[in-house]
Q: 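Here it is, the structure in full.
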There are 2 protein chains.
Amino acid sequence: MEKTSSGEHILQPAYVRISDDLRSRIRGGDLKPHAPLPPERELCLDHGVSRMTARRALNILESEGLVYRDYRDGKRGTFVSEPRIELRLGSFSREISKAGRHPGAELLWAEKKPASHAQAAALGIDTGASVVALQRLRRSDNEPLALETTFYPAHILPGFLKEDLSGSLWDVLRNKYAIIPARTVANLEVVVLDQEASHLLQTRQAAAGLRLIRRTFDKDGKCFEYAEDTYRADRVSLVIDREIDE
Amino acid sequence: MEKTSSGEHILQPAYVRISDDLRSRIRGGDLKPHAPLPPERELCLDHGVSRMTARRALNILESEGLVYRDYRDGKRGTFVSEPRIELRLGSFSREISKAGRHPGAELLWAEKKPASHAQAAALGIDTGASVVALQRLRRSDNEPLALETTFYPAHILPGFLKEDLSGSLWDVLRNKYAIIPARTVANLEVVVLDQEASHLLQTRQAAAGLRLIRRTFDKDGKCFEYAEDTYRADRVSLVIDREIDE
DNA sequence: CAGTGGTCTAGACCACAAT
DNA sequence: TTGTGGTCTAGACCACTGT
């Protein structure tokens, strides 16, 4: 398909050509959010490829967050996505507000249990010591965006599991336990969602996610919080705002 | 394959079963970094699937950064990856040092040109005003990790293109121009690498990347730097260290 | 019932590097 | 030439939803 001349040329596979074509049509504003793309079998005819090849092109756009596949108006189909939701890192309870969107965190479970090795090491306690652990599903407009699993040393938070755990956890720590977050260290990487995460976040099997593993410290440098957050890579962009101290 | 009972059950596709199987074998330490996996056609026989299905399983592991496909010892094959490289966000010139690894930034190009609309808006200058722009390829042990494209208003950096641009840019700004970075605001999201980026970063077509779009401000709140950084999602994890001011 | 995407097959041909 | 991964075909059957 492409011109090739003296070592400089690159022959694009069909699935790249097709995804490039569809991407430019979406970016060009030809197709609005939630507008249906042609059915896969129609794309095959349009581009003269087999369905596996057309699907590869759509899979690229899906992992870019540019399209999604779902039921709309009672029909299965592939549709143009809305823009990603921006989440501000470091103040996890506040997403950047958008008109018509409202945040929420559903508590999936909360319990006291023995610390794993990794949790104990992060929190500076003994393996097997009690931690309070909780998992929450963060949404925006009922769209699941992130899965947060958080751990605290149980001894510093008596009665914590009876608090309201659907809002800002840092607010609870500040107001009820006089624990003031002062510093956070996080490690962020791209992962493939496992079965549980992709089910809870309502993505396809083995979709990409952003995994943020973080520890939060008080002003004395003591780590009081360990958390593993998993974001939908196709729906979230993270905003990082940071002072430079060096 | 899986048990199914009254709404609770999930039937795993073959490619998920196979990738789960290989993942646990790699994670279990059975296979060390750079050890070859069985050829795809052998995996087909082992698991009784067609090659397309076996490849889907390997593609998942590849996008997880758990395996790579390359030539080693003169043979094409699929091999176990080394652990990801940790890069510290905010001090881009310093990767977390590891024995035997040494960082480097290759200057791909540097030039003065008119600002695009996005660059001008970020830097607070007029569209079309002069910016100095440069692109660098960051490596660790010759392994390409990130592609950085950086923009500055040309008028604040006379002679900048004659400086050594292969080290820390912030050091040059501090030492030669008395510009002190005080704050950085960044937006991070998962993207699919385009042809140019996947070529420079030596990934397969349409591999996942981490795109960091950032602006850096001096102590007066003036934005003097706009940058678009693209990381290899399979090879990099980002470390974020942040004071909490709220 | 029809229409859609999700999974899967059983092959094919190619490029590439070492032998 | 051999062996590997990369691309691609031309189908198939399934689950799901609404008519």
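Residue numbers start from 1 in every chain, and the chains themselves are labelled A, B, ... in the order their sequence lines are given, proteins ahead of strands. The shown structure was predicted, so the numbers you read here are calculated from the model rather than taken from an experiment.
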Q: Are side-chain heavy atoms of A:Q195 and B:Q12 found at a separation under 4.5 Å?
A: yes
Q: Report the distance from atom CZ of B:R55 to atom P of D:dT4, rounded to the nearest whole Å.
A: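 Rounded to the whole Å, the gap is 14 Å.
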Q: Return the value, rounded to whole Å, for the distance between atom CD of B:Q205 and atom P of C:dA15.
A: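 Going from CD in B:Q205 over to P in C:dA15 covers 15 Å.
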Q: Taking atom C1' of D:dT4 as reference, at what distance in whole Å does atom CG of B:L58 sit?
A: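 Spelled out: CG on B:L58 to C1' on D:dT4 is 12 Å.
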Q: For A:R211, enumerate each residue passing the salt bridge (charged side-chain N to carboxylate O under 4.0 Å, His left out) test, keeping only those at least two apart in sequence or located in another chain.
A: none
Q: Measure CZ/A:R204 against C1'/C:dG6 and give the value in whole Å, please.
A: 12 Å
Q: For B:K113, check salt bridge (charged side-chain N to carboxylate O under 4.0 Å, His left out) against everything at least two apart and list the hits.
A: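 Counting only residues at least two positions away or on another chain, B:K113 forms a salt bridge (charged side-chain N to carboxylate O under 4.0 Å, His left out) with B:E111.
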Q: With a 4.5 Å heavy-atom cut-off, do A:L188 and A:L238 have their side chains touching?
A: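 Yes. Closest side-chain heavy atoms under 4.5 Å.
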Q: Could you tell me whether the phosphate oxygens of C:dT4, OP1 or OP2, come under 4.0 Å of any side-chain nitrogen or oxygen in A:T78?
A: no
Q: B:R72: what forms a salt bridge (charged side-chain N to carboxylate O under 4.0 Å, His left out) with it, not counting sequence neighbours?
A: none
Q: What are the residues of residues 32-52 of chain B, sorted by number, that bring a heavy atom to within less than 4.0 Å of DNA chain D?
A: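 Only B:P39, B:E40, B:R41, B:R51, B:M52 qualify.
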Q: Establish, with yes or no, whether the OP1 or OP2 oxygen of C:dT7 is under 4.0 angstrom from a side-chain nitrogen or oxygen of B:Y15.
A: yes
Q: Checking the side chain of B:D194 only, and the main-chain atoms of B:E196 only, is there a donor and an acceptor separated by less than 3.5 Å?
A: yes
Q: Does the side chain of A:Y226 reach to within under 4.5 Å of the side chain of A:I213, using non-hydrogen atoms?
A: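 A:Y226 vs A:I213: side chains touch.
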Q: Would you tabulate the side-chain donor-acceptor contacts of residues 30-39 of chain A under 3.5 Å, counting partners in other chains and residues two or more places apart, or write 'none'?
A:
from	atom 1	to	atom 2	distance (Å)
A:K32	NZ	A:G29	O	3.4
A:H34	ND1	A:Y68	OH	2.7
A:H34	NE2	A:E82	OE2	2.7

Q: Can you list, by residue number, the residues of residues 60-77 of chain A that have a non-hydrogen atom closer than 4.0 angstrom to DNA chain D?
A: A:Y71, A:G74
